[in-house]
Number of protein chains: 2
Amino acid sequence: MIKPKQKRTLETRAKLIAQAKACIQEAGYEALRVEDVVAGAGVAKGTFFAHFRDKDALMEILIGAEMDALLDQAAAGAGPTDVEQIISRLHPLHSFVTCERYVFDLILRYSGAAAVAEIGPIAMTFGRYIELVTGWMPLGDYRKDVSADLLAEGVQAFAVQAMALQFCALHQTQRFDKRFARYLKAWLAPVS
Amino acid sequence: MIKPKQKRTLETRAKLIAQAKACIQEAGYEALRVEDVVAGAGVAKGTFFAHFRDKDALMEILIGAEMDALLDQAAAGAGPTDVEQIISRLHPLHSFVTCERYVFDLILRYSGAAAVAEIGPIAMTFGRYIELVTGWMPLGDYRKDVSADLLAEGVQAFAVQAMALQFCALHQTQRFDKRFARYLKAWLAPVS
DNA sequence: TAGGTAAAGTGACCGTGGTCAATATAAAAT
DNA sequence: ATTTTATATTGACCACGGTCACTTTACCTA
């Protein structure tokens with residue numbers, strides 16, 4: 001997949017991705033079937049797996065691209081200067097991550113790379129997330145006794161926790177943003 | 001599954017669970033095949049699904065039981081009074097949760113219940129974890145500006161984050177316990 | 001003890017992700 | 001133009017989780 005030489009290869013790959021997007025548009029991520037994608041793209045099943053290691057690899061590409069775009073959006077303009085602003089800036093991204101249970105689970109599963117050579121699109125976005133939030137840390141009145149990087153890791157950990165509880169009926173009395181705000185206010189509060 | 005009446009039912013269920021444990025003992029959780037379990041238990045495949053909604057439901061029972069036993073162990077005796085003690089007390093549990101990538105992913109997937117009626121064994125253990133840690137909060141010199149319950153939720157969030165990074169080659173320079181300690185020291189530090 | 005009925009068990013079958021030896025096509029060499 | 005070689009494509013096939021109409025068994029009642 002690193003350097004496809006033939007034009008045909010690129011065309012086939014584009015057809016597969018376009019058809020996958022169309023399927024998802026119609027019925028969501030979880031409902032995606034490899035057989036539908038290849039049928040719609042007019043290629044054989046084996047071709048799919050010549051282009052993508054497995055179904056999840058395609059999902060990673062599609063979901064990773066979406067997350068990347070949302071990260072770009074979050075990174076645009078001047079950084080947020082307080083907790084509320086951080087939360088609303090990240091809202092579109094968190095909203096996408098929790099759009100489907102299936103999507104959330106898949107993202108978590110691929111959020112870490114098993115090896116340096118295996119850093120996939122989703123693992124990349126988790127790195128970007130940390131970088132982005134780290135850059136925001138000097139902009140507000142947050143605690144200074146720990147590094148910006150550690151603070152950012154905590155923000156990510158709390159975001160994941162709040163999103164996970166979003167899917168949990170037992171805890172849905174609190175909306176995601178409200179719970180996340182409670183976490184961040186406690187985590188980022190300046191040590192007086 | 002709520003009140004099995006016939007003795008036969010209980011026997012079959014016991015055979016299935018025993019065989020599943022044997023399979024896992026031999027090759028780990030991920031390698032478990034329903035076909036092997038039913039073959040070993042001497043029943044038909046359909047019988048398996050009459051006893052368990054799906055394969056994951058059996059996994060939940062087995063993994064949940066293991067986690068419950070480890071929580072009992074962590075809860076025994078006087079509570080830990082500092083971060084290092086908290087970490088070593090939870091070590092056996094965290095160690096089991098990360099014993100296999102497959103196990104970790106499954107636990108995360110079932111850590112929240114979609115509905116009150118669906119609280120499974122694993123979702124229960126996440127509740128117990130919070131309760132346990134909440135009870136430990138008054139025992140040490142931790143911050144008092146947020147509730148013990150919120151602190152416990154944070155401990156859980158950081159534990160999950162540290163475990164997730166455990167599977168990530170990029171971050172394996174730090175061992176789980178060390179990373180978790182870094183998180184907890186920052187999270188639980190008393191506001192001076 | 002026989003007959004009836006509800007519960008438990010069966011296994012052929014299906015859906016879907018994934019494989020691979022064979023084939024077709026494009027690019028390079030002659 | 002023809003042959004050779006590398007690359008892309010094919011589709012029959014497999015593995016494995018899960019289903020369901022049917023059969024068997026256990027228990028209850030007369």
Side-chain angles (χ1 to χ4, degrees), chain A residues 1-20 23-24 26-63 100-103 105-106 109-110 118 120, chain B residues 1-20 23-24 26-63 100-103 105-106 109-110 118 120:
Chain A
M1 237 52 12
I2 297 195
K3 35 185 222 170
K5 292 180 189 170
Q6 302 190 3
K7 202 176 71 177
R8 184 174 49 151
T9 310
L10 294 172
E11 286 169 358
T12 304
R13 184 190 164 91
K15 269 193 293 183
L16 286 168
I17 288 180
Q19 185 59 37
C23 289
I24 289 163
E26 212 177 288
Y29 287 91
E30 182 161 21
L32 190 85
R33 295 287 168 267
V34 172
E35 303 204 338
D36 294 344
V37 174
V38 296
V43 300
K45 207 181 199 177
T47 302
F48 181 97
F49 295 97
H51 285 263
F52 310 101
R53 191 178 358 92
D54 52 25
K55 182 180 156 180
D56 282 357
L58 171 63
M59 283 295 184
E60 261 211 281
I61 289 168
L62 298 174
I63 291 173
E100 281 182 40
R101 175 88 219 209
Y102 171 81
V103 169
D105 288 342
L106 191 140
R109 197 159 60 244
Y110 287 97
E118 286 177 23
Chain B
M1 232 56 6
I2 298 193
K3 35 187 227 173
K5 293 181 190 169
Q6 302 190 4
K7 203 175 71 178
R8 184 174 50 150
T9 309
L10 294 172
E11 286 169 357
T12 304
R13 184 188 164 91
K15 269 194 292 182
L16 286 167
I17 288 181
Q19 184 60 35
C23 289
I24 289 164
E26 212 176 289
Y29 287 91
E30 183 161 20
L32 190 85
R33 295 288 167 265
V34 172
E35 303 201 339
D36 294 343
V37 174
V38 297
V43 300
K45 207 180 199 178
T47 302
F48 181 96
F49 294 97
H51 285 262
F52 310 101
R53 189 176 2 92
D54 52 25
K55 183 180 153 180
D56 282 357
L58 171 62
M59 282 296 184
E60 260 212 282
I61 288 168
L62 298 174
I63 291 173
E100 280 181 44
R101 176 87 218 210
Y102 171 82
V103 170
D105 288 341
L106 191 139
R109 198 160 58 245
Y110 287 97
E118 286 177 22

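Every chain is numbered from 1 and lettered A, B, ... according to where its sequence line falls, protein lines coming before strand lines. If you're wondering where the values come from, they're calculated on a predicted model, not measured in any experiment.
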*Check whether more than 12 heavy atoms from other residues, nucleotides or ligands sit under 6.0 Å from atom CD of B/Glu26, and answer yes or no.*
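No - once you tally the heavy atoms of other residues, nucleotides and ligands closer than 6.0 Å, there are 12 at most.
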Atom [atom1] of [X] and atom [atom2] of [N]: how far apart are they, to the nearest Å?
X       : N      : atom1 : atom2 : answer
B/Phe52 : D/dC16 : CZ    : P     : 20 Å
A/Leu10 : C/dA26 : CG    : C1'   : 14 Å
A/Phe48 : D/dG11 : CZ    : P     : 17 Å
B/Arg53 : D/dG17 : CZ    : P     : 16 Å
A/Lys15 : D/dA8  : NZ    : P     : 14 Å
B/Gln6  : D/dA26 : CD    : C1'   : 5 Å
A/Asp54 : D/dC16 : CG    : P     : 16 Å
A/Phe49 : C/dT19 : CZ    : P     : 7 Å

*Between D/dT9, D/dT19, C/dA8, which nucleotide has the shortest distance from any of its atoms to the side chain of A/Thr12?*
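Taking heavy atoms from C-beta onward, the closest nucleotide is D/dT9.
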*asked:* Side chain of A/Arg8, heavy atoms from C-beta onward: which of C/dT25, D/dG17, C/dA8 has the nearest atom to it?
replied: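 Nucleotide nearest to A/Arg8's side chain: C/dT25.
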*Only counting residues at least two apart or in another chain, list the ones meeting side-chain hydrogen bond (donor to acceptor under 3.5 Å, both in side chains) with B/Arg53.*
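side-chain hydrogen bond (donor to acceptor under 3.5 Å, both in side chains) list for B/Arg53, sorted by chain: empty.
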*List the steps and the verdict of salt bridge (Lys or Arg N to Asp or Glu O under 4.0 Å) for B/Arg109 and B/Asp105.*
CA-CA 6 Å; B/Arg109 198 160 58 245; B/Asp105 288 341; over 6 Å; no
*asked:* What contact category does B/Leu58 fall into here, base, sugar-phosphate, or nothing, at under 4.0 angstrom with non-hydrogen atoms?
replied: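 The answer is nothing, as B/Leu58 stays clear of every strand by at least 4.0 Å.
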*Does the C/dG17 base have a donor-acceptor partner in the side chain of A/Lys45 within less than 3.5 Å?*
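Donor-acceptor pair under 3.5 Å: yes.
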side-chain N/O [X] vs [N] OP1/OP2, d < 4.0 Å:
X       : N      : answer
B/Thr47 : C/dA8  : no
A/Arg33 : C/dG17 : yes
B/His51 : C/dG9  : yes

*Side-chain touch A/Val38/A/Thr47, heavy atoms, less than 4.5 angstrom*: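 No, their side chains stay 4.5 Å or more apart.
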_Any non-hydrogen side-chain atom of B/Leu58 less than 4.5 Å from a side-chain atom of B/Leu32?_
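Yes. Closest side-chain heavy atoms under 4.5 Å.
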*Between B/Lys7 and B/Leu32, just flag the one whose closest nucleotide in DNA chain D comes earlier from the 5' side.*
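Result: B/Leu32.
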*Select from A/Gly46 and A/Glu35 the residue whose nearest nucleotide in DNA chain C is closer to the 5' end of that strand.*
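Upstream on the strand: A/Glu35.
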